[in-house]
Amino acid sequence: MGFAMPPTRIAADSGYTGGMLRDGPRDAYRPAELEAKWQRLWEERGTYRPSDTALRAAARPFYNLMMFPYPSAEGLHVGNMYAFTGADIYGRWRRMQSDDVFEPIGFDAFGIHSENFALKVGTHPMDLIPKNVANFTRQLKRSGAMYDWSRTVDTTDPRYYKWTQWIFIQLLNRGLAYKQKAAVNWCPFDKTVLANEQVINGACERCGTAVEQRFLEQWFFRITDYASRLLENLDWIDWSDSTKNAQRNWIGRSDGAEIVFDAERGRRNEEAAIPVFTTRADTIFGATYLVLAPEHPLVDSLTAEARRADVAAYVERTKRQDLTTRKSVEAREKTGVFTGAFARNPATGDAIPIWIADYVLMEYGTGAIMAVPGHDERDFEFATKYGLPIVRVVAEDEARADAPLEAPFTDNERGVIVHSAQFDGLTVPEAKQRIVAWLEAAGTAKPVVHYRLHDWCISRQRYWGPPIPIIYCDDCGMQAVPEKDLPVVLPFVKDFRPDDTGISPLARHEEWYRVPCPECGRMGRRETDVSDTFLDSAWYFLRYPSTEFDDRPFDAARTRRWLPVTSYIGGNEHAVLHLLYSRFITMVLNELGHVDFEEPFKKFRAHGMIIREGAKMSKSRGNVVVPDEYIREWGADAFRTYLMFLGPFEEGGDFRDRSISGVRRFLDRLWTTVLERREDGAAEPQVMRKLHQTIKKVGDDIPRLGYNTAVAAMMEYMNVLRAGERRAHRTEVEPLVQLVAPFAPHIAEELWERLGHDRGIFESGWPAYDESLAAEETIELVVQVNGKVRGRLHVPPNITKEEALAAALADEGIRKFVSGEPRKVVFVPGRLINIVGV
RNA sequence: GCCCGGGUGGCGAAACCGGUAGACGCGGGGGACUUAAAAUCCCCUGGGGGCAACCCCAUGUCGGUUCGAGUCCGGCCCCGGGCACCA
C-alpha cells in the first residue's frame with residue numbers, strides 16, 4: 001500500500017490563467033468553450049460537408065484520406081489521433097488553397113478484435129459495436145478534424161458489406177477466388193485461420209499465440225497472379241519509400257531458372273523429371289545432390305524399396321511438426337533422409353543422390369532444389385552433416401580454383417567460374433546467363449521468376465464478418481448467391497463462440513445456413529465461413545463518395561471525379577496488409593472495367609510511431625496517452641499542435657507530458673497578441689520581413705509534412721511580434737492567424753471572427769508570400785580563415801568577393817589571424833568568405 | 001544474413017544543394033510582479049579555459065575526400081522497422 005501520487009497536470013479549475021489579457025481575465029483564452037462553439041457552428045453550417053452539387057461537380061477535387069479506425073472499446077488511441085491530425089492539417093491547408101477537399105471517416109468494425117473483446121466482456125458484438133462507434137464519433141468530433149460526417153462508412157452495415165460480398169463474387173466469376181484444402185496458419189487461441197500477412201514470427205498478429213499448421217478447405221484470392229504488376233507499379237506510384245520497400249520485400253521477386261533433372265531409378269524403375277528452381281544456375285557443375293520437400297508428390301514413386309520405411313518415417317515426422325517450428329530460424333538442425341534414388345546432373349552427366357529434407361519447402365519454387373554445398377550455406381551445412389560431396393565451382397580467382405572450402409563461397413557478384421568445363425573463367429553473372437542458355441538449348445532449363453507472395457487466404461471460421469456469399473447444392477454444386485439476393489445478412493446469433501473444429505460458429509445455426517439452391521431450388525447449404533476483415537478495408541475508399549447509392553457499390557461519375565485518392569496518410573503497420581490488398585482489389589476492379597485506374601492511392605505517406613517518455617505505449621505498461629484527458633486539460637488545438645510539434649511527422653517522436661505547455665503557451669500568446677493588437681499606424685518593416693519569411697517557411701513545410709518546423713517557425717515569428725513592449729499591428733497578426741488555422745482551427749476561427757471577418761477563416765485563402773518584403777537589408781557574412789570561423793560581418797546581401805575580402809581584412813579581430821598573402825579565397829555569395837593559406 | 005530508417009546539449013529536436021552546429025520547445029538557474037504561491041514577463045543555459053575581448057573541444061566510432069564535413073565516400077559499433085532454411 002502507498003499513497004497515490006497527486007496528478008501533476010493542471011486541473012481545469014486551477015489557477016492556470018494563460019491567455020489572460022493585460023486589462024483583466026474576463027476575456028481569457030478558454031479552449032473548452034471556444035472549441036465547443038466552433039464544433040457546433042461547423043456542424044450547423046455544414047462547413048466541411050460538400051453539397052451533392054460539389055461532390056458531382058467539384059472543380060478541384062482533393063480526396064484526403066486517412067486509415068479508418070477499428071472502433072475498439074478502449075476508444076480512440078493517441079496513435080490514431082496523431083495520424084488523423086497530420087492528415088487533417090494537410091486537408092485544411094489544401095482547402096485554404098481553394099481545393100474542394102473531401103475528408104471522410106468511417107469505421108472498420110468487423111473482425112476478430114471486436115469479437116474477442118465481446119467474448120471477454122460477455123456481450124454481443126451487435127450491441128458492443130454501435131456503442132464503440134458512438135464513442136469514437138464523439139472523440140473524433142472533439143478532436144477538431146474537418147470530417148464530412150454525412151458520408152461515413154461502417155463495414156458492419158449490410159448496406160456496405162452487401163458490396164463486399166459483391167466484390168467476392170466478381171473475383172469468383174473472374175476465376176480469382178478458389179477454394180482449396182491447404183496447409184494454413186491456424187491460431188489455436190483465436191480459433192481461426194490467418195493470412196500469411198497476419199503471422200508475425202510464427203505467432204498470431206492479434207494475440208501472440210504460436211500459430212499451428214492445419215489442413216483445411218479455405219477460400220483464396222489469386223493475388224499471386226498480380227505479383228509482377230504489384231511490384232512493377234511500385235516504381236512509379238508516389239508513396240513513402242519505407243512502404244514501397246516493405247512491399248517489395250514481401251512480394252519477394254527472385255529471378256532464376258527452372259532446371260530439369262531426370263531421375264535415374266525409382267521404385268518401379270520409373271523415369272521421372274524433377275524440375276528444380278535456382279537463382280544460381282552458374283553453380284550447376286557443383287550440384288552434387290538433389291533435395292525434395294517431404295511433401296513433394298514424387299517422393300513416394302522415387303523412393304527405392306530398401307529405403308521406404310526410413311523415408312515414410314521421416315515424412316511422417318515432419319508432417320507432425322507444425323509450420324512454425326519448421327520455419328523458425330533458431331535451433332533448427334537440418335535433417336533429411338536418402339531416397340535411394342539418383343538423378344542425372346544435366347551439366348556434368350553425373351548421377352547424384354536424391355534426398356528429402358525439411359529445409360526445402362513445398363510452398364516455394366518447385367519444392368525441389370539442386371544442392372550446391374560449395375556455394376550455399378544451407379547445402380553446405382547439410383552436406384557436411386551427411387557426408388555428401390562438396391565441389392568448388394566458383395573461386396576468388398583462377399589461381400585459387402582448388403583452394404579447399406572451409407565454408408561455402410556465396411558471393412554472387414565477385415568470383416570466377418572454375419571446374420565447369422567450357423564455362424571456366426566466366427564471371428558469375430555471365431555464367432548465369434550462358435549456362436541457362438546452354439541448358440535451354442538442350443531443352444532442360446528455362447528462365448523463371450518466382451515470388452515469395454502467396455495467395456491471400458480470405459476465409460475465417462469466425463462469426464463477426466460478412467458471410468461469404470456461396471451456396472452449396474448437392475445437385476448443382478457450388479453457387480454464388482445471385483446479386484439480387486445480396487446482402488447475405490449476418491444473423492444475430494447468441495452463441496457465436498468459435499470452437500476448435502475449424503468450422504465457423506455459423507455452422508451451428510441450421511435455420512440460417514439451410515437455404516434453397518438459387519439454381520434448382522432444392523435445399524442447399526450456405527458457406528458458413530466469413531471473410532477476412534482486410535477484404536472490408538480493401539475497398540472502403542471507393543465507397544465514401546457514393547454512400548447514398550444502394551444499387552451500386554460506387555457510382556461511376558463520382559468515382560471518376562474523386563478517385564484515385566489524392567492523398568493518403570497512414571501507418572506502415574499496414575504496408576503489406578491493407579495497402580497491398582487494396583492495390584490488388586483495385587487492379588481486379590480495373591480489369592473488370594469497374595474503375596478506370598489500377599492504383600487506388602496516388603500519393604501515400606507513412607507517418608512515424610509515437611512513443612511516450614522514451615518507451616513504447618502499451619496497456620500493460622499503463623503509459624497509454626488517452627486523447628480525451630489531454631484535450632480536456634489543454635484543448636484540442638493545443639493537443640493537435642503539440643502532436644505535430646513533438647517530432648518530424650514521418651518519423652514520429654516522443655510524447656512528453658510536460659512539453660505540451662509550450663504549445664499551449666504559444667496559443668495563449670497568440671490569443672492576447674491578436675486581441676491586444678492596434679489598428680492605427682503602420683506595421684514595422686522588420687516584423688513584416690519576418691512575417692513573410694514565416695509565410696514562406698510554413699507554406700513550404702506543410703506539403704512536405706514538416707509540421708514540427710512549421711510550428712517552430714510560427715513560434716519564432718511570435719517571439720519577434722512580442723519583442724519589447726510594443727503592441728502588434730493588425731496586418732502583422734492577421735496572416736499569422738491564417739497560418740495557424742490548419743493546426744489549431746478553433747482558436748483561428750474565433751480570432752478571425754474577432755478580427756471582424758464574417759466568413760470563416762477556411763474561406764479566407766492562404767496568405768500570399770511577397771519575396772520583396774521578405775528580403776533582408778543586411779546579411780551576416782561568416783568569415784573563415786583556413787576553414788575556421790573567425791568573425792562575422794554585417795554587409796549588404798549583394799556584396800562582391802573583393803568588397804567582402806577588403807571588409808574582412810579591415811576587421812581587427814579577423815586580421816590577427818591573417819599573416820600573409822592569401823593563397824586562395826573562397827566566396828559563397830550571401831553566406832561566407834574563407835581566406836585560405838595564410 | 002539481406003533490405004530500409006536512425007544515432008546531434010539534461011530532454012524532445014533544428015540545420016536548404018557540403019558553408020555560423022544546437023533554431024523552436026521542455027526542463028534548469030537567476031530576476032521582476034505578488035503578503036505568498038500559481039500564472040505572466042525579462043535574462044542566462046553544449047563542455048572546458050580566460051578578468052576580458054576571446055580561445056580550445058564537441059554531431060556513435062575509426063579513416064578518407066574537400067578551402068570547409070552532422071551532411072559526401074569506405075570500415076566498424078549500437079538502436080528501430082521490414083524480410084528470412086525463399087533455393
Side-chain angles (χ1 to χ4, degrees), chain A residues 10 14-20 22 25 201 240-252 254 256 276-280 291 326-329 332 334 357-361 363-372 376-379 381-382 410 450-452 572-573 575-576 608-609 611 613-614 616 642 645-648 650-663 665-666 668-669 672 700 706 708-709 711-716 718-719 722 725 780-789 791-792 812-813 816 822-826 828 830-837:
Chain A
I10 297 157
S14 75
Y16 185 88
T17 52
M20 190 160 71
R22 283 175 218 193
N201 289 329
S240 290
D241 287 336
S242 54
T243 316
K244 293 208 238 184
N245 191 44
Q247 292 210 352
R248 284 198 185 98
N249 282 340
W250 186 261
I251 296 166
S254 46
V276 305
F277 177 67
T278 181
T279 56
R280 293 299 306 273
V291 189
R326 182 151 160 210
K327 284 186 171 184
S328 76
V329 186
R332 91 212 130 169
K334 289 179 185 25
D358 61 356
Y359 79 95
V360 173
L361 307 172
E363 61 195 66
Y364 188 76
T366 60
I369 61 153
M370 64 175 209
V372 185
D376 181 277
E377 302 271 1
R378 299 150 300 183
D379 297 343
E381 188 191 324
F382 191 80
T410 56
H450 274 291
Y451 296 94
R452 225 186 47 80
N572 247 347
E573 68 274 15
V576 293
M609 281 254 295
I611 57 171
E613 314 278 342
K616 250 187 187 164
Y642 175 61
F645 182 61
L646 57 74
E650 288 174 278
E651 285 165 41
D654 194 358
F655 190 102
R656 306 233 156 204
D657 280 30
R658 279 193 298 208
S659 300
I660 308 177
S661 58
V663 286
R665 271 198 272 267
F666 167 68
D668 288 335
R669 288 173 191 153
T672 53
D700 287 349
N708 55 334
T709 49
V711 173
M714 293 187 281
M715 287 173 164
E716 265 185 73
M718 175 66 69
N719 291 341
R722 291 173 64 88
E725 284 295 287
E780 202 175 62
L781 188 78
V782 172
V783 182
Q784 294 183 342
V785 179
N786 290 328
K788 289 200 169 190
V789 179
R792 297 169 174 87
E812 197 50 48
K816 69 180 181 198
R823 189 164 52 80
K824 182 176 174 186
V825 176
V826 179
V828 184
R831 283 248 163 218
L832 67 66
I833 183 164
N834 188 5
I835 304 166
V836 187

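Order of the sequence lines fixes the chain letters, A, B, ..., with proteins taken first and strands second; residue numbering starts at 1 for each chain. Keep in mind the model is a prediction, meaning the values are calculated, not measured. Values reported hereafter were calculated over all heavy atoms of this structure, with side chains retained and with hydrogens, waters and symmetry mates removed.
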Interatomic distance, Asp358(A) CG vs A87(B) P [rounded to whole Å]: 18 Å
C1' gap between G47(B) and G9(B), integer Å: 9 Å
Rounded distance (Å) that lies between atom P of C11(B) and atom CG of Asp654(A): 12 Å
Under 4.0 angstrom between Arg378(A) side-chain N/O and A84(B) OP1 or OP2: no
Proximal nucleotide (of A23(B), C83(B), G25(B)) relative to the Asn249(A) side chain: C83(B)
A87(B) phosphate, OP1 or OP2, under 4.0 Å from Ser254(A) side-chain N/O: yes
Pairwise distance CG(Asn719(A)) to CZ(Phe666(A)) - rounded to 0.5 angstrom: 9.0 Å
Same-atom distance (C1') from U59(B) to A69(B), integer angstrom: 11 Å
Sequence-distant partners of Asp654(A), side-chain hydrogen bond (donor to acceptor under 3.5 Å, both in side chains), two or more places apart: Arg656(A)
Touch class at under 4.0 angstrom, heavy-atom based, for Gln247(A) against every strand present: nothing
Out of G27(B), A87(B), C83(B), whichever nucleotide has its closest atom nearest the side chain of Arg665(A): G27(B)
Sugar-phosphate, base or nothing in reach of Arg656(A), heavy atoms under 4.0 Å: sugar-phosphate
Whole-Å P distance, U71(B) and A58(B): 14 Å
Integer angstrom distance from the P of C54(B) to that of C44(B): 16 Å
base_contact_polar (C4(B) base, Arg248(A) side chain, donor-acceptor, <3.5 Å): no
Intra- and interstrand pairs of RNA chain B - dot-bracket, Watson-Crick/G-U under 3.5 Å, | marks other strand: (((((((..(((......[....)))((((((.......))))))((((....))))..(((((..]....))))))))))))....
Touch class at under 4.0 angstrom, heavy-atom based, for Asn719(A) against every strand present: sugar-phosphate
Aromatic plane relationship, His450(A) with Tyr364(A) - under 30° parallel, 30 to 60° tilted, over 60° perpendicular: tilted
N/O (side chain, Asn708(A)) to phosphate O (OP1/OP2, A14(B)) under 4.0 Å: yes
Interatomic distance at P, C24(B) relative to C42(B), whole Å: 13 Å
Touch class at under 4.0 angstrom, heavy-atom based, for Lys244(A) against every strand present: nothing
Distances under 3.5 Å between protein N/O atoms and the N/O atoms of nucleotides 66-68 of chain B, please, pair by pair.
unit_1: C67(B); atom_1: O2; unit_2: Asn834(A); atom_2: ND2; d: 2.3

Short side-chain N/O contact to C54(B) OP1/OP2 from Lys788(A), under 4.0 Å: no
Inter-residue atom distance Arg792(A).CZ - Leu781(A).CG, 0.5 Å rounding: 11.0 Å
Between P of A84(B) and OH of Tyr451(A), the distance in whole Å: 17 Å
Proximal nucleotide (of C26(B), C86(B), A15(B)) relative to the Thr709(A) side chain: A15(B)
